[in-house]
Amino acid sequence: MTDSTLTTINPLNGALDGAISVPGDKSISHRAVLFSAMAEGTSRLVGVLDSADVRASIDAVQKLGAKVSLEKQPDGSLLGGIEGWGSAGPTEPDGPIDCRNSGTTARLLMGVLAPWDIKVRIEGDESLSKRPMRRITAPLMMMGASFDPAGAETLPVTECGTRELRAITYASPMASAQLKTAVLLAGVYANGVTTVNEPSVSRNHTELMLPEYGVRTTAGERTASVEGPVIPHSAEISVPGDPSSAAYLICAACLRPGSAVQVENVSLNTARTGFLMTLEKMGADVTTRTTGSAGKEPYGIISGCYTPGLHGCEIPGHKIASLVDEVPVLSLVAAHARGITVFRNVAELRAKESDRLQAIIDTLAQVGVDAWNEGDDLYVEGQPGLQVPAGTVFDARGDHRLAMTWALFGLIGNVPVQVKGFDCVEASYPDFLSDFERLVK
Ligand code: S3P
């Protein structure tokens, strides 16, 4: 059941000004938890995001026999060890694994479980139970895993893996890092080289992190491979800040007069920073500076300043994967910009925590902004000087990225708005509102 509680979001009491760190990257945190659970020995993790989605992955690996001793730090992150099951494999849990709202947990877990002959029922909440899973089960079945029901499009599903996995070369129908990761994780235990080829580049955290666990990967422009079988060993992983969370602060700074924000220690992996390229194309004053790397993941500072006169732009289809989770907040920026912004080939938005394509169109219409789709392309006709009517009620539709995007209408505007079901921000950025408050000068 989606939450119908209304949260009032008041306009910020000034400009956004100063430096801040955002919580750990969600994609990297999930991978650190799952890969550590697969490994032999105890891995040490620093900066893990403490959010509802990552908790779903932590609970899942605990149910499967990994020993987790992560503790909450004063900065809100999780730090500590995970002792994996290694060559002994996971233990069959006595009940289902509930992935709740977390698509990354459910899909990556299917790859984690594929090499083991235990039966695991995987479930999710109402939203996750509507999201497509065939894209994951199909290649895993080619490798030898089985699922009950066999042709299930959605959760719940019971997976039974096999120790005799076949390595495959898979032509992925969509650019999805979740799909790519599930197949590569199964490939860790398959005999030979498992390769995933993609229509365009998706985030590459798996290819970058697996070698830390002793699993060799090779990666090219739209291809990634792993050679198995190999038992991952323990690793030390430090998780940089999440660029998808930083995007709300940077977009708000670009729109709120007088603002100048620096987000520090944030991942600058180019497979994730497409939103910055888009903001630049719109004329926004945004810059990045690399200050270090966590393993092979570059991190640094993203700066964003108020920029009057933003204009629309076109985002090509092959760049969408690098900003897929930022389309809602970029559509809000586009709604304030002069002219039309076109996001090409955003079909994947229909398969997220909600149908984000429809949600963007419906919600921008609510504030008088024309947005529409033609085929799989999204168009937004901006209105410079856009003022949101006081008391507008926005619906998060159970989707954290929508909740935070609609909240920006209140935070950067002049009148309070209300967001229905705002609490779902817990999925990725529980301290979203307090971080905004800390930056107000
Ligand atoms: C993710 C990949 C993306 C993204 C999701 C996290 C990941 O999904 O939208 O929030 O961690 O691999 P897809 O792989 O389905 O595009």
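As the structure lists them, so they are numbered: ligands from 1, and atoms in each ligand from 1.
The shortest separation from a heavy atom of H30 to ligand 1 is not under 4.0 Å, leaving the residue out of contact. Using a 4.0 Å cutoff on heavy atoms, M174 does not count as a contact of ligand 1. The closest approach between H205 and ligand 1 stays at or above 4.0 Å for every heavy atom of the residue. Between T104 and ligand 1 there is a heavy-atom distance shorter than 4.0 Å. Assignment of K180 to the shell around ligand 1 is not supported, since no heavy atom sits closer than 4.0 Å.
Taking the six-membered ring where the residue is Trp, F394 and F409 present parallel rings, their angle staying beneath 30° rather than reaching 60°.
For NZ of K72, the number of neighbouring non-hydrogen atoms (other residues, nucleotides, ligands) closer than 6.0 Å is greater than 12. Atom NZ of K63 sits in a crowded spot, with more than 12 heavy atoms from other residues, nucleotides or ligands closer than 6.0 Å. At most 12 heavy atoms of other shown residues, nucleotides or ligands fall within 6.0 angstrom of atom NZ in K319.
Considering both main-chain and side-chain atoms, A177 comes within under 3.5 Å of ligand 1 through a nitrogen or oxygen pair. Of the N or O atoms in S27, one or more lie within a sub-3.5 Å distance of an N or O in ligand 1. Remark: ligand 1 and R203 share no N or O pair separated by less than 3.5 Å (distance only, no angle test). The distance criterion of under 3.5 Å between nitrogen or oxygen atoms is met by S176 with respect to ligand 1.
With a 4.0 Å heavy-atom cut-off, ligand 1 is reached by the side chain of K352 but not by its N, CA, C or O.
A 4.5 Å side-chain heavy-atom check between L45 and V239 finds every atom pair outside the cut-off. Side-chain contact check for M209 versus I28: some heavy-atom pair is nearer than 4.5 Å. Side-chain contact between V68 and V61: present, with at least one pair of heavy atoms (C-beta onward) separated by less than 4.5 Å.
In this view, R350 and D376 satisfy the side chain to side chain donor-acceptor pair (under 3.5 Å) rule, not counting sequence neighbours.
Between the side chain of D355 and the backbone N or O of L357, at least one donor-acceptor pair lies under 3.5 Å.
Among protein heavy atoms, the minimum distance from atom 12 (O) of ligand 1 is reached at R31 NH2, 2.7 Å. Residue, atom and distance of the protein heavy atom nearest to atom 4 (C) of ligand 1 are D325 OD2, 3.3 Å.
Every atom of ligand 1 is numbered from 1 in the order shown, and the set under 4.0 Å from a heavy atom of V324 is 9 (O). Residue contact check: R107 has heavy atoms under 4.0 Å from atoms 15 (O) of ligand 1.
Residues Y189 and W116 bring their aromatic ring centres within 6.0 Å.
Among E353, H400, Q178, the residue whose heavy atom lies closest to atom 2 (C) of ligand 1 is Q178.
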